Amino acid sequence: ERGEIVGLRKNGEEFPLDVAITKVSVGGALTYTAHMRDITARQRREKALRESERRFRAIFEHAFEAIGLLSPDGTVLEINRAGRLMTEGHQELVGLPLWDLPWAGSELAPDDTARQRLKNAIAQAARGETVRYTAELRRSESDVRTIDISLTPVKDEAGNVIYIVPEGRDVT
């Protein structure tokens, strides 16, 4: 059996313990052993990690500009609220290539050239280059938005691109 219990220090302070209870047969007699470990530091780290994630999500989801996180091949790993607002429909966006998202207006004015440009820019970012350009997002014949797009590579300690951060700003 394994679980968490509360221990009591000499000074009366309570602290969390991880306990593993094992049943052992010694010379025909049944014996139980309990292995206890103070998990105060682990719980502190877990709480700090949850708070860090909460702060990151607050910034990411409430940013004015569209922000995402891509794998080096252009697959969407994360996309914020502003990015989702630039798309149409309610389909799941995570797991799709960025250039295949249902960008607002794509059915009204399909633009394979723009998709290929984005695909090429992602390939350039995957090679370690920061890319920036403007593109049009057509919501209707009278509503055309100019979007400033940047793609920033994120590298690991060895210099390999592990993520790409796409950002889109309406600069109409």
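None of these values were measured; they are calculated from a predicted model.
- Residues forming a side chain to side chain contact (heavy atoms under 4.5 Å, CB included) with Lys155 (at least two apart in sequence, or on another chain): Val161.
- Taking all atoms of both residues into account, the shortest heavy-atom contact from Arg81 to Glu61 is N-OE1, 3.0 Å.
- With rounding to the nearest 0.5 angstrom, the CD atom of Glu78 is 11.5 Å from the CG atom of Leu93.
- Between Glu51 and Arg54 the shortest side-chain heavy-atom distance falls below 4.5 Å.
- Glu53 meets the side-chain hydrogen bond (donor to acceptor under 3.5 Å, both in side chains) test with Arg57; sequence neighbours excluded.
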Can I get a per-line list of side-chain donor-acceptor pairs under 3.5 Å for residues 145-153, giving both atom names and the distance, sequence neighbours left out?
from   : atom 1 : to     : atom 2 : distance (Å)
Arg145 : NE     : Asp143 : OD1    : 3.0
Asp148 : OD1    : Arg132 : NE     : 3.1
Asp148 : OD2    : Arg132 : NE     : 3.1
Asp148 : OD2    : Arg132 : NH2    : 2.6
Asp148 : OD2    : Arg169 : NE     : 3.0
Asp148 : OD2    : Arg169 : NH2    : 3.1
Ser150 : OG     : Arg169 : NH2    : 3.1

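- Interatomic distance, Arg50 CZ to Arg45 CZ, rounded to the nearest 0.5 Å: 12.5 Å.
- Remark: Thr172 pairs with Asp170 by the side-chain hydrogen bond (donor to acceptor under 3.5 Å, both in side chains) rule, at least two apart or across chains.
- For residues 15-33, the set of pairs meeting the salt bridge (charged side-chain N to carboxylate O under 4.0 Å, His left out) definition, not counting sequence neighbours, comprises Arg2-Asp18, Asp18-Arg37.
- Shown here are the side chain to side chain contact (heavy atoms under 4.5 Å, CB included) partners of Ala114, two or more places apart in sequence or in another chain: Asp111.
- Of all non-hydrogen atoms in Pro72 and Ala126, the two that sit nearest each other are O-CB, 3.3 Å.
- Qualifying side chain to side chain contact (heavy atoms under 4.5 Å, CB included) partners for Ala158, counting only residues two or more places apart in sequence or in other chains: Asp156, Asn160.
- Through side-chain heavy atoms spaced under 4.5 Å, either directly or across other Ile, Leu, Val, Met, Phe, Trp or Tyr residues, Ile162 is tied to Phe56, Phe60, Ile67, Leu69, Leu77, Val154, Tyr163, Val165.
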Derivation of the side-chain contact (heavy atoms from CB on, under 4.5 Å) call for Asn80 and Phe64: CA-CA 10 Å; Asn80 73 346; Phe64 177 73; over 6 Å; no

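- Listed by chain and residue number, Gln116 satisfy the side-chain hydrogen bond (donor to acceptor under 3.5 Å, both in side chains) test with Asn120 (two or more places apart in sequence, or in another chain).
- The ring pair (Phe, Tyr, Trp, His ring centres under 6.0 Å) pairs that include a residue from residues 3-49 number zero, where partners must be two or more places apart or lie in different chains.
- When side chains are defined from C-beta on, Arg115 does not count as touching Lys119, because their heavy atoms never get closer than 4.5 Å.
- A search for salt bridge (Lys or Arg N to Asp or Glu O under 4.0 Å) contacts involving Arg42 returns Glu4, Glu46, not counting sequence neighbours.
- Remark: Val144 pairs with Glu136, Arg138 by the side chain to side chain contact (heavy atoms under 4.5 Å, CB included) rule, at least two apart or across chains.
- Residues Thr31 and Ser25 fail the side-chain proximity criterion, which asks for heavy atoms closer than 4.5 Å.
- Put simply, the residue from Leu98, Val131, Ile122, Asp73 that forms a side chain to side chain contact (heavy atoms under 4.5 Å, CB included) with Ile164 is Ile122.
- Follow the hydrophobic side-chain contacts under 4.5 Å out from Ile39 and you never reach Leu17; the two are in separate clusters.
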Steps toward side-chain contact (heavy atoms from CB on, under 4.5 Å) verdict (Arg117, Tyr133): CA-CA 10 Å; Arg117 184 178 186 195; Tyr133 67 96; 3.1 Å; yes

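- Using a 4.5 Å heavy-atom threshold, the side chains of Leu96 and Thr75 count as separate.
- Separation of atoms CE (Met86) and CG (Leu101) is listed at 11.5 Å; rounding is to 0.5 Å.
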